[in-house]
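Notes follow the structure.
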Amino acid sequence: MSETDRRIVVLNTGSSSLKFAAYSLTPEAPPLLSGAVDGIGGTARLQWSGSSGDHPVQAANPHAAMEALAALANGPLSGNIVAFGHRIVHGGPDLNHSVLVDDTTLSRIEAVSPLAPLHNPPALDVLKGLQKRFPGVPHVACFDTAFHRGHPAVADRFAIPDSLYQDGVRRYGFHGLSYQYIAGAMKTQAPEIAGGKVVAAHLGSGASMCALVNGHSVDSSMGFTALDGLPMGTRSGSLDAGVILWLQQQKGWSVDKVEHFLYHDCGLQGMSGLSNDIRVLLASDAPLAKMAVEYFIYHTARTAGALAVSMGGIDGFVFTAGIGEHSIPIRARVLERLRWLGFDLDEAANAKGHGRITTETSRLHAFVIPTDEERVIARETLALLPPGRP
Ligand code: ADP
């Protein structure tokens, strides 16, 4: 078996997509292969690097998508797999760094699954399925909450009794694997600000922002669950808790109905009544589509202000994830609202969308840095391989 046949397979499981990437054991080498099954539960399609077009697959759930991948000859789940690395969205209070999975880890992840109902259960399902299918191959769990566990107490708490804090009701913060990647990538892609006070904005279908001081997270827009903070594709973002009470008491909504509403029927989709995709909303003249876009921009800028206060100042801004990496008008309009702080947009650089997007003479600088959560998981997995492997 040649060295390149020995691989780490990284899985990023969501409720409707299963992203995967296979890496050789050479640190920082590009992935051997990467791809995704999208549309799980509906018309599922598989695509991967090196293969042309989409391939229909039978995948009623993420577990079935994993089985479809495993059946693929010469695919990501073939060759000599020395370990699997998993993105686990919620690690709760105890899982504050990546770990080699054992039964205790599994039960801890299970215990906090209600806090990430869209993410933890399918990821666990895939992990357990792989344990059965590939007996003896170790698994590493990497948590989106872990990067934020060093927050100061004021950023880690809600104004509720301490007993609830001890029960785990805390402001965890999410997208930590993405921010960990950004913190590292800034050293080469934004060295002017890497050691300073930076607001990083992960703006994808899920969206959050993080206050980074010298590459360490000190605050996040997200809290107990991935519902908090910025408005998202279909999630509400911050909402007065009284709204939930009102929906239950005055509208008679059940807990399940409220949960479905908050995760699937709010955010850009709910506000616009049109789409969860910012591209569709930007192209629309419908007043509610325009309002949804304006709300997204307003809250991104407003949160930047709040996180600057968390850090006692601001030296720079980083845009990342689907919207942050690709949407020229959203970046421009967010920075326009932050102009008074000292961000002077370079329109040509913003149109290119790589690296620094502020002018040379701008007092503060903003950057676009593509994130790579799978790379972080591969690094963590390689670092935790048990002795004797590889
Ligand atoms: P996630 O990983 O949270 O599913 P991504 O980071 O892939 O999300 O971001 C997905 C979102 O990015 C899409 O919902 C879409 O709104 C947005 N997006 C993707 N490409 C573009 C683009 N070219 N212009 C604007 N927005 C984009």
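In each ligand, atom 1 is the first atom listed, and ligand 1 is the first ligand listed.
If you check which protein heavy atom lies closest to atom 16 (O) of ligand 1, you get Asp277 OD1, 3.1 Å. Of all protein heavy atoms, the one closest to atom 5 (P) of ligand 1 is Gly322 N, 3.8 Å. At the top of the distance list for atom 4 (O) of ligand 1, counting protein heavy atoms only, stands Ser205 OG, 2.7 Å. Of all protein heavy atoms, the one closest to atom 17 (C) of ligand 1 is Ile323 CG1, 3.5 Å.
Each of the atoms 6 (O) of ligand 1 lies under 4.0 Å from some heavy atom of Ala321. Heavy-atom contacts of His326 reach the following atoms of ligand 1: 20 (N), 21 (C), 22 (C), 23 (N), 24 (N) (cutoff under 4.0 Å).
In this structure, of Arg279, Glu373, His202, the residue bringing a heavy atom nearest to atom 25 (C) of ligand 1 is Arg279.
A perpendicular orientation is assigned to the rings of Phe367 and His365, their planes being inclined by more than 60° (bins at 30° and 60°).
Every N/O-N/O distance between Gly204 and ligand 1 stays at or above 3.5 Å. When only interatomic distances are considered, the shortest N/O to N/O separation between Asn276 and ligand 1 does not fall below 3.5 Å.
Residue contacts with ligand 1: Lys19 is included, with a non-hydrogen atom under 4.0 Å away. At least one heavy atom of Gly206 sits less than 4.0 Å from an atom of ligand 1.
Remark: aromatic rings of His139 and His86 are close, center separation under 6.0 Å. Taking the six-membered ring for Trp, Phe317 and Phe319 have ring centres closer than 6.0 Å.
Counting only residues at least two apart or in different chains, ring-ring contact (aromatic ring centres under 6.0 Å, His included) contacts with residues 180-232 comprise His175-His202.
In this structure, a donor-acceptor pair under 3.5 Å is present between the side chains of Ser238 and Asp228.
Tyr165 carries Arg157 over the face of its six-membered ring, with the cationic atom under 6.0 Å from the centre and within 45° of the normal.
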